[in-house]
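On a predicted model such as this, the values are computed, not experimentally measured, just so you know.
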Amino acid sequence: MFLELFFDLVFVATLVQLSRGLMGDLSWGGAFQTLVLLLAMWWTWSITTWTTNLYDPQRMEIQFLVTATMLGSLLMVAALPDAFGARGLVFAGAYVAIHVGRQVYFVLALRGHQLQRRSLRLLFWFGVSAVPWFAGALMAGPARPVLWTLAVAVDYTGGILRFPTPGLGRSPESDFPVLAEHLAERYRQLFIIALGELILVTSLTLGGTGFAADRIVAFVVAFAGTVLFWRIYVYRAGDLLPAAIAAARKPDSLARWAALAHLVMLAGIVATAVGDEIVIKHPLGLSQPAWVAALLGGPALFLAGRAGFEYAVFARTPRAWLIGILVLAALAPPLLHAPPLLVAAAALAVLVGAAAADAARARRHPPALPAPPG
């Protein structure tokens, strides 16, 4: 567990680099490129988590694989700011080396074992996606985002379909047993560590801009938003995820749904980090449309992911989260040129209202037990 927590530190650096990159190109194109890079980093984290779920992390060879993955992931993080520029080959090369190298090891180590077929399937799919990864890295301009989008689509499609492979078929669900407590703990650890990016961004931004009264107020508003993210996440669903996975008829499907929900929440954290930096640097004055999109879009993405997380655990989606998303969207036009501090305060008010409404609903009903869908 400590090794996995150590590996998670890479993701703090990942989110910081992604938010910096998005801050430098706060446009639809920049947002799309950030999403592609986030998907690649998330898939690397997810496959590593499944590796430690399937194999004993106390074994020396598994510890070596996780450590090697950490090294490769750090190379990817270092290349993130210019992944769509001069360092594309470093990013793609490290990504392919991590996934292909890991499966080559398991294919050799599991020779003669039935589980070798599982690694052969993964190796086939990562070999297929390696083609657009490298092709994109070797091409500049708009071709790279297109090819890397294709590569990400191949990787995720393989996972969703359980890696169907010519001559081998697709992996049965029994090939991916779920250890409920371990997997749930990994998701919760990563989310808490991800919140560390918001703490880091807000503190460094305030320290670098000075302690004027308006910036201190903006800092407090940003910190309050981080606290609400934590509170909304852990309340009930975060606590009961292990029991939900254990109770699910198809724990593998629930784990995938939870993974998607956490990915959306992480995207919200990246956008929120950009918004926090904006509001602390420029608390007053007129907002730009892209600033408003970050300040309101980050919390909206978080609530959307949290709604999906709630559905995974309880097979329901509280109206508070959905109403919060709609209110944030409705606030965008009237706040289009409002001071960033006012926009951030409005987003904070929506989060407070959503959390309060959900807490009030919970008080009116007995404590809910996990009831995963399906």
Side-chain angles (χ1 to χ4, degrees), residues 11 14-23 25-43 45-46 152 156 187 190-198 201-202 221-222 224-235 237-238 257-279 289-312 317-332 335 340 343-344 346-355 358:
F11 229 83
T14 296
L15 296 177
V16 170
Q17 291 281 52
L18 288 175
S19 62
R20 283 182 177 177
L22 183 57
M23 185 72 183
D25 184 9
L26 200 51
S27 63
W28 287 115
F32 181 77
Q33 291 183 6
T34 300
L35 176 60
V36 171
L37 297 176
L38 174 62
L39 288 171
M41 297 302 300
W42 175 251
W43 197 236
W45 183 90
S46 296
V152 167
Y156 278 77
Y187 286 133
L190 181 67
F191 183 80
I192 296 301
I193 284 178
L195 290 182
E197 192 227 351
L198 297 181
V201 167
T202 53
V221 169
T226 302
V227 173
L228 278 170
F229 274 19
W230 167 79
R231 181 70 180 88
I232 291 171
Y233 175 83
V234 301
Y235 187 62
W257 186 263
L260 175 61
H262 281 79
L263 173 61
V264 175
M265 286 189 281
L266 288 177
I269 288 176
V270 171
T272 299
V274 173
D276 287 349
E277 185 172 348
I278 289 170
V279 74
W291 294 4
V292 176
L295 287 163
L296 299 179
L301 280 171
F302 169 74
L303 288 178
R306 182 59 179 79
F309 187 36
E310 186 86 2
Y311 180 79
T317 301
R319 286 180 295 177
W321 311 140
L322 301 179
I323 292 173
I325 295 170
L326 293 175
V327 172
L328 287 167
L331 285 173
L335 294 177
V343 181
L348 179 64
V350 173
L351 290 175
V352 170
D358 189 57

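Closest non-hydrogen pair, A346 versus L331, comes out as CB-CD1, 4.0 Å. For the pair L295 and A344, the tightest heavy-atom approach, listed with the atom from each and the gap, is CD2-CB, 4.2 Å.
Separating the CG atom in L260 from the CE atom in M265 is a distance of 9.5 Å, to the nearest 0.5 Å.
For W43, there are no side-chain hydrogen bond (donor to acceptor under 3.5 Å, both in side chains) partners two or more places apart in sequence or in a different chain. Here L351 pairs with L228, F229, I232, P299, L303 under the side chain to side chain contact (heavy atoms under 4.5 Å, CB included) rule; sequence neighbours left out. Scored by the side chain to side chain contact (heavy atoms under 4.5 Å, CB included) test, A194 finds L15, L266, I269 as partners (sequence neighbours excluded). Remark: T34 pairs with no residue by the side-chain hydrogen bond (donor to acceptor under 3.5 Å, both in side chains) rule, at least two apart or across chains. Applying the side-chain hydrogen bond (donor to acceptor under 3.5 Å, both in side chains) test to S46 and every residue at least two apart in sequence or in another chain returns W42. In this view, E277 and K281 satisfy the side-chain hydrogen bond (donor to acceptor under 3.5 Å, both in side chains) rule, not counting sequence neighbours.
Between L39 and L263 there is a side-chain heavy-atom pair separated by less than 4.5 Å. Counting heavy atoms from C-beta outward, M23 and I278 have side chains that approach closer than 4.5 Å. Annotation: side chain of L18 is in contact with side chain of L37 (closest heavy-atom distance under 4.5 Å). You'll find the side chain of V279 stays beyond 4.5 Å of the side chain of V221, heavy atoms only.
Ring-centre distance between Y233 and F309: below the 6.0 Å cut-off.
Not one N or O on the side chain of W230 forms a donor-acceptor pair closer than 3.5 Å with the backbone of I192.
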